[in-house]
Amino acid sequence: MKNAIIQLVQQALDGLKADGSLAADVEASINIERTRDKQHGDFASNIAMMLAKSAGCSPRELAQKIVDKLPASPDLVKAEIAGPGFINFFLAADSSQRVIEDILASTDNYGRSAIGKGKAVQVEFVSANPTGPLHVGHGRGAAYGASVADLLEAVGFKVHREYYVNDAGRQMDILASSVWLRYLELCGEEIAFPVNGYKGDYVWDIAATLHRQNGDNLRHSHESVFIGVPEDEPDGGDKEVHIDALIARAQELLGDKHYRQVFDLGMETILADIRRDLEEFGIVYQDWYSERSLMHSGAVENAIERLKMSGHVYEDNGALWFKSTDFGDEKDRVIVRDNGQTTYFASDIAYHAEKLERGFDRVIDVWGADHHGYVPRVRAALQALGDDDAKLDVLLVQFAILYRGGEKAQMSTRSGEFVTLRELRHEVGNDAARFFYVMRKCEQHMDFDLDLAKSQSSDNPVYYIQYAHARLCSVKRQLLEKNLSRDIGRGQASLSLLTESHEQDLMTALAKYPEVVEKAAINHEPHQLAHFLRDLANCVHTYYNAHVFLVDDENLRDARMNLVEAARQVLANGLKLLGVSAPESM
RNA sequence: GCGCCCGUAGCUCAGCUGGAUAGAGCAACAGGCUUCGAACCUGUGGGUCGGGAGUUCGAAUCUCUCCGGGCGCGCCA
């Protein structure tokens, strides 16, 4: 409908150019917006104010000329000039009724479009280190990334969801050592557990599995484990140095094969847990991409070689540096350490280069906001490699700050003191969690009051929307129970009976849905859809309270039932895109 | 110190990329079930859009500058 009006205005402008009222070289992008106030009609344009200067007359005068040249259209009842020079368009009633027909014909597909057709987009999100279960902070990235991906799919993109598994770094070695030390404790050794180790209960669980599988075969005396290991922090040492030495001892004492066994058990157990967690949250990935595989395939080496060839690499202090300052980064970055190991950044360069090589038209990274300083160096690397970094979108999700009992709750995977995503899901339910996370735009800091979310979850607007859906389903059930007939065709033929203002409002809202989906997808803003659904539910509830649907007049009843079904369908479609269920009763 | 994000009603947040009288939800107050589900609806009160300057027909929105809060600035990942 919007496009139809743009066409009409364009024709009017062409007409003005033809009779010389407007210079032929005036180019304007015609902006048609939905009005906020019904008194201003259904759509409005500011085109006259935009072009007044170049037309050499006042905005209102120009607006009048445009209106005079406007071709007749069955959709349009009138166009009037208002305020400083707005042109307000009033739609014919039957043009708004047409949306019901649309929705009933398209069902699940209503709101989907093809603007992304033929384009492939990759969305990488969560990608938390597999060193422990996901916590509530990860939940926001999960819910947000999933909704962005689903929205993009809805508007026609071919979407590839991916989880980047950091299975090669030092953190994983710390996990492996933590597991082994707990295992030794289970064997009966007395271990002074390192401050920097992972202390969560899940580490005990993995250690228990390890013990079940191996008995005491991987046991070494606690004396031998700590030979040559410097003091831990509480004893006046450095906790980082301490844990690194412990890792080295673990590797020495266990040997490659057994160390690997401990390492893999820890990683695979946690990864499987994360995968199950996310699946239960309604999130399924097309790919779990291993950092280690990049190293083994030579992709990292290859990327470093390509960087060297680009001339933006130099050696200093025994390390290899990427001169990212050539591309606007604050400082240069190490890609190969003086001990010969490549850095995480080196892997990430290879990973991003590889993403683009896979042929995606767009690559989206969803990161926690604490990684924002990382963006310039990744872009720098892509530019140095000659890749098009404009294809990369990095979406930064601000932290969800947790409050418990009115106080900020601390989160730390190391200490094991955190609320897991799973705990949250079980407390407030998947639907409320998915919706709550996505209600705010991602760059907004989010206060997550755990007590409120847990104890008073009925305050969550998700129930308001779901209730609207359930109510409409209930009406359909009532129709059957009362043995009333329903004829969809008769309803379609009677849509002109839907003259109540509540009905008009509802139809207008329904017609807006495809625009909302499109905008939410393109701007990566699922919160727009969340807010729309709340408004739509409001229209439904208001209508429900003001009018009885199951009236005796079967023409009116069928018309209303068609509207009811259309509204139900749109609520269901929208909730689905946010990963929230649309219950038929609750 | 430098960089990114944020500041809108008592609280939590929208505000459609510069438009018309700044909006919702909680909270407060006053009403509405014998009728399709009251997890709902109707109404009332509540604002220096952090402060100041600039850009123009027009600014919560864009620019600058202060103030306040969050995060980041490793040969960690």
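Order of the sequence lines fixes the chain letters, A, B, ..., with proteins taken first and strands second; residue numbering starts at 1 for each chain. Computed from heavy atoms alone, side chains included, the values below leave out hydrogens, waters and symmetry copies.
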Could you give the distance from OG1 (A:Thr542) to CG (A:Leu506), rounded to the nearest 0.5 Å?
9.5 Å
Does A:Arg471 make a side-chain N or O approach to OP1 or OP2 of B:A38 shorter than 4.0 Å?
yes
Quick check on B:G72: is either OP1 or OP2 less than 4.0 Å from any side-chain nitrogen or oxygen of A:Tyr374?
no
Would a distance-only check, ignoring hydrogens and angles, find a side-chain to backbone donor-acceptor pair under 3.5 Å from A:Gln444 to A:Lys441?
no
With a 4.0 Å cutoff (strictly under), does any side-chain N or O of A:Tyr463 reach OP1 or OP2 of B:A39?
no
Across all strands, who's sitting opposite B:G46 as a Watson-Crick or G-U wobble pair, both distances under 3.5 Å?
none
If you take all heavy atoms of A:His541 and A:Tyr464, which pair is closest and at what distance?
NE2-O, 3.1 Å
How about A:Tyr513 and A:Phe532: are their ring centroids closer than 6.0 Å?
yes
Mate of B:C2 where both pairing distances stay under 3.5 Å, Watson-Crick or G-U:
B:G72
Which part of the nucleic acid, if any, lies within contact of A:Asp535, taking any heavy atom under 4.0 Å across all strands shown: a base, the sugar-phosphate backbone alone, or nothing?
nothing
Compare side-chain N and O positions of A:Thr542 against OP1 and OP2 of B:U42 and report whether any pair is under 4.0 Å apart.
yes
Within the 4.0 Å heavy-atom criterion, would you say A:Arg534 contacts the bases, only the backbone, or no part of the nucleic acid?
sugar-phosphate
Whole-Å distance between B:U12 P and A:Tyr437 OH?
19 Å
Pairwise C1' distance, B:C26 and B:A39 [rounded to whole Å]:
15 Å
Please tell me which of A:His40 and A:Glu33 maps to the more 5' nucleotide of RNA chain B, matching each residue to the nucleotide holding its nearest heavy atom.
A:Glu33
Among residues two or more places apart or on two chains, list those pairs meeting ring-ring contact (aromatic ring centres under 6.0 Å, His included) that have a residue in residues 36-57 of chain A.
none
Taking only N and O in the side chain of A:Gln444, is any of them less than 4.0 Å away from OP1 or OP2 of B:G70?
no
Within the pair A:Asn46 and B:G58, is there a side-chain N or O less than 4.0 Å away from OP1 or OP2?
no
Looking only at side-chain N and O atoms, does A:Gln478 come under 4.0 Å of OP1 or OP2 in B:G37?
yes
Of all of residues 336-345 of chain A, which get a heavy atom below 4.0 angstrom from RNA chain B, listed by number?
A:Arg337, A:Asp338, A:Tyr344
For B:C6, glycosidic torsion class - syn if within 90° of 0, otherwise anti
anti
Output yes when at least one side-chain N/O atom of A:Lys441 is less than 4.0 Å from OP1 or OP2 of B:G15, else no.
yes
Taking for each residue the nucleotide of RNA chain B with the nearest heavy atom, is it A:Glu443 or A:Gly373 whose nucleotide lies nearer the 5' end?
A:Glu443
Should the pair A:Lys355-A:Asp365 be classified as a salt bridge under the 4.0 Å nitrogen-to-oxygen rule?
yes
